[in-house]
J.: 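Got a structure for you, written out below as structure tokens; questions coming shortly.
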Amino acid sequence: MENTETALAETEPIRLRLFDWWSRYARDLPWRFGRTTPWGVLVSEVMSQQTQMSRVVPYWTAWMRVWPDAASLAAAPKAEVITAWGRLGYPRRALRLQECARQVASQYADRLPRDYDQLVALPGIGDYTASAVMSFAYGERIAVIDTNIRRVLSRVFLGRESKGGAASREERQLAWQVLPEDEDPEASDHRVNGDDRLETADPQIRSAAWREPPSARWNQAVMELGATVCVARKPACDICPLAGHCRFLKAGLPGLGSGRTRPRQRFAGTDRQIRGSILQTLRQASGAPVSRKDLKPLCDDEIRLDRCIASLDEDGLLEIGQDGSLSLPQ
DNA sequence: GTCCGGTGCG
DNA sequence: CGCACGGGAC
């Protein structure tokens, strides 16, 4: 850890440069800069768990217009929730989000808890999402740890790639060590507001970025840098605001892109693709029951087709009627 | 074809 | 810990 100490001496110039970059280049996503509710932030995080932010935006906007709070989502028919989830992917998360909404509505009187342990106990909310809500929505000082942040911090401060798998103790320690202090305790309250207007913001709203607590600003800026500049395979070091302070760049990018160990799972030709196409067919049927033979064109292997139908049934993503017809659940 | 990530479960 | 889980950008 001796190398870390010298790197940590540079945290202040790194912060200044990163904050400046963030205020100029942060993407103007509708759930940022205090323009939505804590619930809206949670919805954006759940949708972003699996999908690029740019793809999430139209879904989030439409979703929040229909279900602006947990109580309204809790009361929605499942079929409508699955349909609104559209092609975002991993549709079980849509059902988990609705179950989460039901718990928030019933257990917390439709107020999202401002407490990590209560958040992480909700369905579909793990360590990352609970931390993200605490930081981004409530301005609480907490280290947010996702793969983007792990990659950026490991490169900049340790000079090497982050390894695959769960975050190591060293990584968690580093994230807490470089997390800025929030001097003004009042500042952490300003994010709680009832304003969930969805229109595109004036670009000057970005001055709001400077009013967020430093820890929340830091978490978002590091994550944004990892998503747009310090990407896994081909980092754009030539435009990186931290290039002059990055130990990984200084060391010559040793083992660039070697961090991921997880063998990539193919998608084309897998059960997942079949499941997705079955669900899409049911969505397009808009409530009308679909027979098994209508799904034959999706998959020539009937054993596999039945397996996919059964797994969707187990996940609660479809219902099988008495006559064997299929439909989205109510 | 290759790349991409968090959550839940076994 | 290893694995399942979509879908689109490139």
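Chain naming here is simple, since letters A, B, ... match the order of the sequence lines and numbering starts at 1 in each.
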J.: On the nucleotide dG5(B), are OP1 or OP2 found under 4.0 Å from the side-chain N or O atoms that Arg151(A) carries?
T.: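 Yes, Arg151(A) has a side-chain N/O under 4.0 Å of OP1/OP2 on dG5(B).
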J.: Of the candidate nucleotides dG6(C), dT7(B), dC4(B), which contains the atom at the shortest distance from the side chain of Tyr128(A)?
T.: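 Nearest to the side-chain atoms of Tyr128(A), counting from C-beta on, is dT7(B).
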J.: Counting side-chain heavy atoms from CB outward, which of dG7(C), dG5(B), dA4(C) is closest to Gln52(A)?
T.: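 For Gln52(A), the side-chain atoms sit closest to dG7(C).
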J.: Can you find a side chain N or O atom of Arg233(A) that sits less than 4.0 Å from OP1 or OP2 on dC3(B)?
T.: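 Yes.
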J.: Counting the atoms with a prime plus P, OP1 and OP2 as sugar-phosphate, which does Thr129(A) contact under 4.0 Å by heavy atoms, base, sugar-phosphate, or nothing?
T.: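 Sugar-phosphate: the residue Thr129(A), judged by heavy atoms under 4.0 Å, touches backbone atoms but no base.
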J.: Specify the separation, in whole Å, of atom NZ of Lys163(A) and atom C1' of dG2(C).
T.: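 About 19 Å, once rounded to whole Å.
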J.: For Leu95(A) and dG6(C), what is the distance between atoms CG and C1' respectively, to the nearest whole Å?
T.: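 In whole Å, dG6(C) C1' and Leu95(A) CG are 14 Å from each other.
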J.: Output the rounded distance in Å from CZ (Arg96(A)) to C1' (dG5(B)).
T.: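 Arg96(A) atom CZ is separated from dG5(B) atom C1' by 14 Å.
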J.: Can you tell me how far P in dC9(B) sits from the matching atom in dG6(C), rounded to whole Å?
T.: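 Between the two P atoms, the distance is 15 Å.
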J.: Just the rounded figure in Å: distance from C1' of dA4(C) to CG of Asp271(A).
T.: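 Distance check: Asp271(A) CG to dA4(C) C1' gives 11 Å.
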J.: Can you tell me which nucleotide in dC4(B), dC5(C), dT7(B) comes closest to the side chain of Arg275(A)?
T.: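 Closest nucleotide to the Arg275(A) side chain: dC5(C).
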J.: Would you say CZ of Arg17(A) has more than 12 non-hydrogen atoms from neighbouring residues, nucleotides or ligands within 6.0 angstrom?
T.: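 At most 12 heavy atoms, drawn from other residues, nucleotides or ligands, come within 6.0 Å of this atom.
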J.: Picking from dC3(B), dG6(C), dC5(C), which would you name as closest to the side chain of Arg92(A)?
T.: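 The answer is dC5(C), which lies nearest to the side chain.
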J.: Rounded to whole angstrom units, what separation is found between the CZ atom of Arg87(A) and the C1' atom of dA9(C)?
T.: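 That distance rounds to 14 Å.
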J.: Over how many whole Å does the gap from Glu45(A) atom CD to dT7(B) atom C1' extend?
T.: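 Glu45(A) atom CD is separated from dT7(B) atom C1' by 14 Å.
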J.: Taking only the P atom of each, what is the distance from dC10(C) to dG5(B) in whole angstrom?
T.: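 Their P atoms lie roughly 16 Å apart.
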J.: Give the rounded distance in Å between these two atoms: CE of Met53(A) and P of dG7(C).
T.: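 The distance from CE of Met53(A) to P of dG7(C) comes to 20 Å, rounded to the nearest Å.
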J.: Would you please indicate if the ring centroids of Trp85(A) and Trp63(A) are separated by under 6.0 Å?
T.: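 Centroid distance Trp85(A)-Trp63(A): below 6.0 Å, so yes.
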J.: Considering every strand and a 4.0 Å limit on heavy-atom distances, what is the contact class for Ile125(A): base, sugar-phosphate, or nothing?
T.: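 The residue Ile125(A) makes sugar-phosphate contact but no base contact.
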J.: Do other residues, nucleotides or ligands put more than 12 heavy atoms under 6.0 Å from Asp323(A) CG?
T.: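 Enclosed: over 12 neighbouring heavy atoms sit under 6.0 Å from CG of Asp323(A).
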J.: Applying a 4.0 Å non-hydrogen cut-off, can you work out what Asp315(A) is touching in the nucleic acid: base, sugar-phosphate, or nothing?
T.: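 The residue Asp315(A) makes no contact with any strand.
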J.: Do the side chain of Tyr90(A) and the base of dG8(B) come within less than 3.5 angstrom through a donor-acceptor pair of N or O atoms?
T.: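 Absent.
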J.: I need the full list of salt bridge (Lys or Arg N to Asp or Glu O under 4.0 Å) pairs touching residues 221-231 of chain A, with sequence neighbours left out, sorted by first then second residue.
T.: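 Those involving residues 221-231 of chain A are Arg27(A)-Glu224(A), Arg32(A)-Glu224(A).
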J.: Checking contacts here: which listed nucleotide (dG5(B), dG8(C), dC5(C)) is nearest the side-chain heavy atoms of Arg55(A)?
T.: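 Taking heavy atoms from C-beta onward, the closest nucleotide is dG8(C).
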J.: Could you go through the side-chain hydrogen bond (donor to acceptor under 3.5 Å, both in side chains) check for Ser154(A) and Glu161(A) one step at a time?
T.: CA-CA 6 Å; Ser154(A) 182; Glu161(A) 292 284 35; over 6 Å; no
J.: Closest nucleotide of DNA chain B for Asn148(A) versus for Pro123(A): which of these residues is on the 5' side?
T.: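 Closest to the 5' end, via its nearest nucleotide, is Asn148(A).
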J.: List the residues meeting side chain to side chain donor-acceptor pair (under 3.5 Å) with Tyr59(A), not counting sequence neighbours, and say none if there are none.
T.: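 Result, side chain to side chain donor-acceptor pair (under 3.5 Å) vs Tyr59(A): none returned.
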J.: How many whole angstroms separate atom CG of Leu88(A) from atom C1' of dA9(C)?
T.: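 These atoms are roughly 15 Å apart.
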